[in-house]
Amino acid sequence: MASKPNIKDLQWALQAINSASISLHSISFFLTQPISSCYQETENSININVSTDEESLRRFSRLLKAIGESNSRQPSLRNLDFQRVSWDLQQLKCLHELLQMNFNIKQVVFQRNRFGADGLLELSEMLKTNAGLKEVIFSESQIGPYGAGLLASSLKVNETLEELQIWEDSIGSRGAEELSKMIEVNSTLKLLIILDSHSITATPLISAVLARSRTMEVHVWTGANGDKSSKVVEFVPESSTLRIYRTDLPGSCRIACALGWNSTVITLDMTGVQLKSRWAKEFRGVLEQNRSLKEVNLSKCCLKDKAVIYVAAGLFKNQCLESLYLDGNWFSGVGVEHLLCPLTRFSNLQNQANTTLKSITFGGKRTKIVRDGITAILQMLSSNQSLVNLGILDDSSLRQEDIIRLFKSLERNTTLRYLCLRGCKGVEGDAVLQTIMETLQVNPWIEDIDLSKTPLHDAGKTEGIYQKLGQNGRNVPEMDLLKDMALTMPKSCRVFLLGQEFAGKTTLSNTISQNYSSSKVPYLDHVKTLIIPVEQVARTEGIKIKTIRDDNTKISIWDLAGQHKFYSLHELMFPGQGSACFFLIVLSLFRKPHNREQKTPTEIEEDLLYWLRFIVSNSRRATGLQSVLPKVTLVLTHFDKVTQSPENMQVIARTIQKLRERFHGYVEFYQTVFTVDARSSGSVSRLAHHLRATSKTILERVPRVYELCDDLVNMLSEWRTQNDDRPAMKWKEFCELCQIKVPALRIRSRHDNPEKVEMRRRAISNSLHHIGEVIFFQDLGILILDCEWFCGEVLGQLVKLERRQSSVENNGGFLSRKELEKILKGSLQSQIPGMGSKVFENLEPSDLVKMMLKMELCYEQEPGDPNSLLLIPSLLQEGRGRSQKWQMIAPGSSYAGRHLECDDLSHAFLTPGFFPRLQVNLHNKIFHSRSNHGATYSLEKYLITLSINGINVRVELGGQLGYYIDVLACSTNSLTETLRLFHQLIIPTIQTLCHGVTLRESVLRPECVKNLTPPRYRITQHVALQQLKQAVLSVPADSMYDYQHTWSAVNDEGRMVLQAGFDLARDLLSDDDFREVLHRRYNDLYHLAVELAVPLDNNQESPDQLSVNQDELDGTVEPTFDGLAKGVEAVLKRLKIIEQEIRDLKQEIQGLRYYEHRLLTELHHKVNYMVNYTVLIEERKVPNMFYFVRTEDYSRKLVTNIISGMTALRMHMLCEYRREMHVVEDQIGCELMQVDNMAVKSLVPYMTKFMKLLTFALKIGVHVAAGMGEMIPDLSREVAHLVDSSLITGAAGAMAAGALGVAAIGNRSRSTANSQDIQQDLRPAHQWLVDFLKDRGCATGKDIAEKFGLWRVRYRDTGQVGWICRRHIHTRANEVMQLPI
């Protein structure tokens, strides 16, 4: 039994407060007792009972004043509790003074107090001015709407109060509205608790909190007439959760409106609240506007179809909601159909509207999904790319076959992880069980399936399902599937028909196809002459493809359009190395098919020469080196119209034979030339037989492909049949096909490495691309299944786009992606409904832009920038034929020009895609340079016009089909400054783009530059730069300045275009070029002076240190030996004057040579060690320096990193001649079908060492890297992991490269220390090489010479053995002796 408190009088309480004898935390006042008293309730609290007599009430006031004055004496006092106090105005003023004086008071509680109107007003004023109070609680104090309004007005001003509680009072809707206005202003209130007799008070309060995104905790309860209280609404900021338990329709709509722009609510739970479509209409706006709501629970809300449609409409624009629960509602299949629409894609070109919703649950006993609903569910599951959790609960409308279809659709779904079918009656039977197991076999991503309360679960048949789910979650041992895949001979060969327009290629293709067909028209040859030749009716646009089946072989005839505007397509479709293909060059014997003008042998030669050079140029560009020669067959059409003498045909035959000999070693030219009538099956029969035999021969010689490719070809054909004959396929769809149909390319477990499976799938796709079955855009993730559709209807239109002059020219030839997409839509869409190519039904405009970038039909101004402007060559204006002139000509302007053409012009030329690449690269080089401020740049189709630092430059593409580049300049600057711009900016940019070809630089006649003579006239007005330098060097020293180069005259049909003339060499060469000549001449003369024993002034020891006085020069030379010596000395003195001007330059060159010397010394030391480390083991039976290449996307790349599973590699070997190692041209090499683990273990250390040396060699241009630079995919990436970035500082240019090389390779002592490690790394590679060559039947020196063009020799000075090429054997015969092979 509790002990009685020690009752004391009020005087004791007053003393306790004033004396601070008790550290008080809380004081409670009770004005209900008949006798005043007080007692200490706890150690820190006292209870004071005050009677209602006047004396006691006066003491109550004094106690309040004492508490106010005890601020310093009672610093821990925090709480005041007033129970059953009927306040008069004076007492409230005392309380007001108390709170103003004592800021320690944080909580005031009024329980069953009475205030009156004046008291409430005074209380309001007290709260307005108070700055210390944190919490105010009213309980059963009958403040009513009036009091609530006064509290609201005070709290609009108060900035310290954090908690307000009003318990068991009826503030009504008016009071609630006043408090809601306060909430809109007050941002410091953290907790609001209302227990009211009416639930209507909750709506304005919570609406204000939500509308202002207040982080205020709100709890609103209702309890009328002593009934059990129940919660109406609560908002907890800590969890950002809003729960609404009860509300009427207007209240729910108001709350929904407030949620629209709210940013504090993450979870909304309205479970069990009856909602109508009117509320759903408002909630649609919430979903469209709100950016914070993540989870919404609308379970058991009696929502019908109309309401769900509104919710679905909001999901279209919503980008934040992640979970939506709609189970237990009353909607039907129509509602399900609309609900899932934002989560569904209805075509491949359509984007999924909502990609953020991860979980959705619906169903219930009153939800009727039926046919419309299950159709929508299936469409969603087969196309959705974001949903993780799907719940269908307690459904009785879905039948067994619906459940089977549902799981079948999950075979293609890779995102769903959790499926809940709890309580669904249709989940029953063995058929459903079997379908679930089959789905889990091909879909390992599903982690859990909830089948509780279903007939299948109640029957105890779900154990196997959960076991399979567990197996899909286990780690599966990795398998090298590519290694285990069988290889087979390819079965598809491509034939490319090349030729000028009207050559009869299309007719020939049709006739060859008829030759292979069993349904030929018997009398076709008799009626062929009665019809109009097809060439006169229509010409091929783009590329036409015909497919022929011959036994088990597929031959595809690619008919390339002959019009010049389609020439850029030819190199796009050029096959890569090792591809099963050959070329048919089709030439007409007549100029036009409808007339009788027969071509001359010269015209035949020009046509044939172009196509041969086209094949050679693109072969080099695609493969880097021609290890496998392209196969070419020549066909002459319209032979039936020939009426001239046989002598003319014999001349043509001799011309063809001459070209065959000229291109020997570049192409494999078939000996027989076919002369045919392209319309006659009989005339073409021999050619058709040749195609059949050549195709089989090629298929036997090209690299093997995976057997799986044949199966995939059939699968892709079936896929097209099932998908409305679609010509294009997304990468995701291909992966789905592999996952379902191809076990070898299937992800078997959720923990399986998807990157490796992806790599296998890409390897197969690349193989299909390589054999011509598909066109695979790896970066874009698109497979073109119908090559003829793509090449004809897509590419054929892309190369002849109609330009919009204003949009292109205003940006200097560039335009934005959006503008290009508009042009594409206008060009590829037919204006007639139902007509057109239907390109955009299969490809999006953005995909077409990416394809154009990939195929170099357009170019980015800023590579890699998605907002970069684009250059489209086909949209540029054609400027040829118009009068040309320099825009600005100032008095005293100088003119300079350089002519660039292929060094091997007889076999190769610049391809059509070269000049657009130059236009973009040169633009970027100019405007990325900090020193070219104020530069201007404009483009035409075959012209670049630019102005830099006062130098006006024209870069022109010359020749009928683009054989050469002319660079012309007009400037008031010196000739040297102009030519420095050429050699520092323009010519290096051109050379970096010439893949596989070397350019020869020539000097153009200045008069041609000044007058902008048309290219057809200035084609002969240039002289090779090196030839001119050699000519200057060959004349006597005193005549070098006066050397003249003579130009020939140019006539055009008897009209004089250019007079013969001459220019001084010093006006054609820059100071830098002339100094180079002087240096060479100076050194020759110096050595001659040494031989003649001419004394040097001031005891100088080198040519750099000679100095003489110009006044001492004597122009006469005596015809004696001594006179000759004196003459040489005089010339030396004269040349030294010029030499003095470049002394600083020579010092820089000397410093550079020092660094290069150190680098080269160490580099050659390393390379020689790699070559000769086995000299003590055996007599170098095989070469050591080998490398691998592979063909990717019609280009040949150096293999820099070798991994297991790589296929179709080809091994080549370098010529090992010391200090002059290089790639051997026309080397056949050996094919490595597949890299196994043993090869990786043996070769990785060698590849690391070899790539390191090769990388540094490429950085400084050493001969060891000659011919290999274009094969390396990304040199900077290779360097990055070989050196420390901290070393790349300090020097600039070549000095930085030299310091970098020395730092990476190290000094002699470190090289010696690591020699044993190098030997250990190289020995396994050497042994692997020996074994590999033996397996390939290449073990003898004769075999190596045949395969690699290398012969074994011994150096005469050191006795070491090496393998070198035939050229070095001849040129270095005095240094080496050949060993028996």
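Keep in mind that what you see is a predicted model, and the values were worked out from it rather than measured.
A side-chain hydrogen bond (donor to acceptor under 3.5 Å, both in side chains) with Y1217 is found for exactly one of R1367, H1368, E1375, namely E1375.
Between R613 and F663, some side-chain heavy-atom pair lies under the 4.5 Å cut-off. Using a 4.5 Å heavy-atom cutoff, the side chains of I698 and F582 are in contact. A 4.5 Å side-chain heavy-atom check between L508 and V684 finds at least one atom pair inside the cut-off. Taking 4.5 Å as the limit, some side-chain heavy atom of H1022 sits within range of a side-chain heavy atom of L1004. Between T633 and I585 the shortest side-chain heavy-atom distance does not fall below 4.5 Å. Between R1210 and R1190, the closest side-chain pair of non-hydrogen atoms is not below 4.5 Å. Y964 is not listed as a side-chain neighbour of C902, based on a closest heavy-atom distance of 4.5 Å or more.
Under a cut-off of 6.0 angstrom, the local environment of NZ in K1347 is sparse, with at most 12 non-hydrogen atoms contributed by other residues, nucleotides or ligands. Applying the 6.0 Å contact sphere to CZ of R701 captures no more than 12 heavy atoms from other residues, nucleotides or ligands. Residue-environment remark: CZ (R686) stays at or below the threshold of 12 foreign heavy atoms within 6.0 Å.
Rounded to the nearest 0.5 Å, atoms OG (S685) and CD1 (I512) are 11.0 Å apart. A distance of 10.0 Å separates SG in C1230 from CZ in F1188, rounded to the nearest 0.5 Å. Remark: I652 CD1 to T600 OG1 distance equals 8.0 Å, nearest 0.5 Å.
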Check: Does the salt bridge (charged side-chain N to carboxylate O under 4.0 Å, His left out) test come out yes or no for K546 and E788, once each step is laid out?
Finding: CA-CA 8 Å; K546 281 194 172 293; E788 182 176 5; over 6 Å; no
Next item on the list: Take R591 and E603 through the test salt bridge (charged side-chain N to carboxylate O under 4.0 Å, His left out) and record every step on the way to the result.
Entry: CA-CA 9 Å; R591 294 192 178 98; E603 291 174 320; 2.9 Å; yes
Next item on the list: Would you check, one step at a time, whether the test salt bridge (charged side-chain N to carboxylate O under 4.0 Å, His left out) holds for D607 with K599?
Entry: CA-CA 10 Å; D607 288 350; K599 289 181 179 178; 2.7 Å; yes
Next item on the list: Take R898 and D966, measure what salt bridge (charged side-chain N to carboxylate O under 4.0 Å, His left out) needs, and give me the verdict at the end.
Entry: CA-CA 6 Å; R898 289 293 184 263; D966 282 347; over 6 Å; no
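Every residue two or more places apart in sequence or in another chain that forms a ring pair (Phe, Tyr, Trp, His ring centres under 6.0 Å) with F1332 is listed here: W1328.
Side-chain atoms of E1001 never come within 3.5 Å of backbone atoms of A1024 as a donor-acceptor pair (strictly under, hydrogens ignored). Remark: side-chain polar atoms of R1352 are not paired, donor with acceptor, to backbone N or O of L1350 under 3.5 angstrom.
Under 3.5 Å, the side chains of R704 and T488 contain no donor-acceptor pair of N or O atoms. Remark: the H638 side chain and the S588 side chain contain an N/O donor-acceptor pair separated by less than 3.5 Å.
For the pair L587 and I604, the tightest heavy-atom approach, listed with the atom from each and the gap, is CD1-O, 4.0 Å. Minimum interatomic distance between S492 and L699 (heavy atoms only, all atoms of both residues): O-CD2, 3.4 Å. When all heavy atoms of R1336 and E1231 are compared, the pair lying nearest together is NE-O, 3.3 Å.
Centroid-to-centroid, the aromatic rings of F1186 and H1212 stay 6.0 Å apart or farther. A distance below 6.0 Å separates the ring centres of F674 and H690.
F496 and W558 have tilted rings, their planes meeting at an angle from 30° to 60° on a 0 to 90° scale.
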